[in-house]
Chemist: 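My questions all concern the structure below.
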Amino acid sequence: MNRQENQAQITYLPDEMDLERVCDFIMSSYWGLELDKAQIMGSFAHSSCVGLMTGDTQIAFARAVSDRTTCAHIKDFFVFDDFRGKGYGTNLLRELFDHPDLLAVPKWYLGTKDAHAFYRRHGFKPSPKGIYMYRHLARTA
């Protein structure tokens with residue numbers, strides 16, 4: 001599915017996105033430093049993705065993992081530097097909520113170090129202290 005929004009084409013089809021550029025960005029981000037390209041590419045295949053494009057140029061990307069019924073976790077969400085401050089982040093978040101796979105999802109989760117104000121403007125609230133737990137396994141070669 002494709003449509004136009006603020007001069008950007010919106011797509012839910014990874015084949016229409018510049019996934020190489022997306023991978024490079026994720027691998028240089030604080031949340032993707034420990035990931036390699038194969039892991040990131042694999043994550044796209046098992047997620048609901050949204051891309052904002054101007055022609056062949058990827059300007060923003062979002063990815064959520066979900067059971068498509070009860071909850072979704074936003075794993076990647078960014079606007080490339082040259083396109084920030086133009087409302088694309090708000091458009092991208094709206095399109096992620098409107099993704100055909102995620103329309104029924106009532107509960108959304110995410111983790112961020114630096115974008116709390118942005119997400120608060122869109123209805124997200126901080127979680128109670130200590131609610132999240134994690135388990136990290138060491139990768140074997």
Side-chain angles (χ1 to χ4, degrees), residues 1-140:
M1 170 196 279
N2 296 348
R3 33 180 225 240
Q4 297 288 326
E5 187 76 34
N6 283 358
Q7 309 301 334
Q9 183 181 17
I10 297 156
T11 184
Y12 301 130
L13 304 172
D15 290 347
E16 295 180 354
M17 299 179 202
D18 184 349
L19 297 181
E20 292 292 325
R21 184 171 191 219
V22 170
C23 281
D24 290 343
F25 185 93
I26 293 170
M27 287 188 298
S28 69
S29 69
Y30 68 82
W31 70 90
L33 290 175
E34 295 181 5
L35 301 173
D36 63 36
K37 188 172 275 189
Q39 290 173 309
I40 295 168
M41 293 297 270
S43 75
F44 300 152
H46 302 288
S47 303
S48 299
C49 300
V50 178
L52 267 57
M53 311 289 292
T54 56
D56 291 336
T57 302
Q58 183 94 32
I59 63 172
F61 178 82
R63 176 178 75 87
V65 177
S66 177
D67 62 10
R68 299 180 180 189
T69 304
T70 63
C71 63
H73 188 112
I74 298 173
K75 298 298 292 177
D76 298 310
F77 187 96
F78 58 89
V79 176
F80 286 99
D81 291 341
D82 293 348
F83 300 94
R84 290 185 181 164
K86 299 177 181 172
Y88 290 121
T90 296
N91 293 347
L92 184 65
L93 190 58
R94 184 179 63 240
E95 293 302 327
L96 188 59
F97 293 151
D98 288 345
H99 192 291
D101 294 342
L102 305 173
L103 285 171
V105 173
K107 295 181 181 178
W108 288 80
Y109 303 95
L110 61 89
T112 185
K113 286 185 179 180
D114 55 5
H116 297 89
F118 171 81
Y119 290 110
R120 266 192 226 104
R121 286 194 308 269
H122 298 285
F124 284 86
K125 298 175 185 167
S127 65
K129 188 174 184 178
I131 193 170
Y132 291 109
M133 297 178 73
Y134 66 91
R135 178 178 181 229
H136 292 181
L137 299 175
R139 281 193 296 170
T140 58

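The chain is numbered in sequence order, starting from 1.
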Chemist: Mind checking ring pair (Phe, Tyr, Trp, His ring centres under 6.0 Å) for His122 and listing every partner two or more places apart, or none if nothing turns up?
Modeler: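 Counting only residues at least two positions away or on another chain, His122 forms a ring pair (Phe, Tyr, Trp, His ring centres under 6.0 Å) with Phe118.
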Chemist: Less than 4.5 Å apart, any side-chain heavy atom of Asn91 and any of Ile10?
Modeler: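 No - every pair of side-chain heavy atoms lies 4.5 Å or more apart.
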Chemist: Applying side-chain hydrogen bond (donor to acceptor under 3.5 Å, both in side chains), can you list everything that pairs with Asp36, at least two apart in sequence or on another chain?
Modeler: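 Asp36 satisfies side-chain hydrogen bond (donor to acceptor under 3.5 Å, both in side chains) with Arg139 only.
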Chemist: Check Thr11 against Met53 and note the closest heavy-atom contact, atom names and distance.
Modeler: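 For Thr11 and Met53, the tightest heavy-atom pair comes out as CG2-CG, 4.3 Å.
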Chemist: Determine whether Asp98 and Val50 satisfy the following criterion, side chain to side chain contact (heavy atoms under 4.5 Å, CB included), listing intermediate values before the conclusion.
Modeler: CA-CA 10 Å; Asp98 288 345; Val50 178; over 6 Å; no
Chemist: Scan for ring-ring contact (aromatic ring centres under 6.0 Å, His included) pairs involving residues 27-51, sequence neighbours excluded, and state none if there are none.
Modeler: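 Residue pairs with at least one partner in residues 27-51: Phe44-Phe61.
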Chemist: Which residues satisfy the ring pair (Phe, Tyr, Trp, His ring centres under 6.0 Å) test with Tyr109, sequence neighbours excluded?
Modeler: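 Expected list: none.
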Chemist: Quick one: salt bridge (charged side-chain N to carboxylate O under 4.0 Å, His left out) pairs with a partner in residues 111-122, sequence neighbours left out?
Modeler: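 Listed by first then second residue: nothing to list.
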Chemist: With no hydrogens and no angle check, is any side-chain donor or acceptor of Ser47 less than 3.5 Å from a backbone partner on Cys49?
Modeler: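 Side chain of Ser47 to backbone of Cys49, a donor-acceptor pair under 3.5 Å: no, none is there.
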Chemist: So, using side-chain hydrogen bond (donor to acceptor under 3.5 Å, both in side chains) as the criterion, who are the partners of Asp81 when residues are at least two apart?
Modeler: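 Asp81 satisfies side-chain hydrogen bond (donor to acceptor under 3.5 Å, both in side chains) with Arg84 once adjacent residues are dropped.
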Chemist: Could you state the interatomic distance from CD (Gln9) to CG (Leu52), rounded to the nearest 0.5 Å?
Modeler: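 One finds 9.5 Å between CD of Gln9 and CG of Leu52.
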Chemist: Tell me the salt bridge (charged side-chain N to carboxylate O under 4.0 Å, His left out) pairs involving residues 43-52, sequence neighbours left out?
Modeler: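 Of all non-adjacent pairs touching residues 43-52, none passes salt bridge (charged side-chain N to carboxylate O under 4.0 Å, His left out).
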Chemist: Specify the closest pair of heavy atoms between Val105 and Lys107, including all atoms of both residues, with the distance to one decimal.
Modeler: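 So the two residues come closest at CG1-O, 3.4 Å.
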Chemist: Roughly how far, to the nearest 0.5 Å, is CZ of Phe77 from CG of Leu96?
Modeler: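 Rounded to the nearest 0.5 Å, the CG-CZ separation comes to 7.0 Å.
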Chemist: Taking only residues two or more places apart in sequence or in another chain, which ones pass side chain to side chain contact (heavy atoms under 4.5 Å, CB included) with Arg21?
Modeler: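 Asp18, Thr57, Gln58, Phe80.
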Chemist: Determine which pairs satisfy salt bridge (charged side-chain N to carboxylate O under 4.0 Å, His left out) with at least one residue from residues 43-72, sequence neighbours left out, and list them in order.
Modeler: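 The answer is Arg63-Asp76, Arg68-Asp101.
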Chemist: Look up atom CG in Leu102 and atom OG in Ser48, then write down how far apart they are to the nearest 0.5 Å.
Modeler: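 Atom-to-atom, Leu102:CG and Ser48:OG are 4.0 Å apart.
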Chemist: Indicate yes or no: at least one non-hydrogen side-chain atom of Cys23 is less than 4.5 angstrom from one of Met41.
Modeler: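 They are in side-chain contact.
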Chemist: Step by step, would you call Leu92 with Tyr88 a side chain to side chain contact (heavy atoms under 4.5 Å, CB included)?
Modeler: CA-CA 6 Å; Leu92 184 65; Tyr88 290 121; 5.9 Å; no
Chemist: Rounded to the nearest 0.5 Å, how far does CD1 of Ile74 lie from OG1 of Thr112?
Modeler: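 Atom-to-atom, Thr112:OG1 and Ile74:CD1 are 10.0 Å apart.
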Chemist: List the atom of Met27, the atom of Leu33, and the distance in Å for their closest heavy-atom pair.
Modeler: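 For Met27 and Leu33, the tightest heavy-atom pair comes out as O-CD2, 3.4 Å.
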Chemist: Taking ring pair (Phe, Tyr, Trp, His ring centres under 6.0 Å) as the test, write out the residues that go with Phe97, two or more places apart.
Modeler: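 Counting only residues at least two positions away or on another chain, Phe97 forms a ring pair (Phe, Tyr, Trp, His ring centres under 6.0 Å) with Trp108.
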Chemist: With Phe124, which residues qualify under ring pair (Phe, Tyr, Trp, His ring centres under 6.0 Å), at least two apart?
Modeler: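 Residues passing ring pair (Phe, Tyr, Trp, His ring centres under 6.0 Å) with Phe124: Tyr119.
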Chemist: Could you tell me whether the side chain of Pro100 reaches within less than 4.5 Å of the side chain of Tyr12, counting heavy atoms only?
Modeler: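 The answer is yes, as the side chains (C-beta and beyond) meet within the 4.5 Å cut-off.
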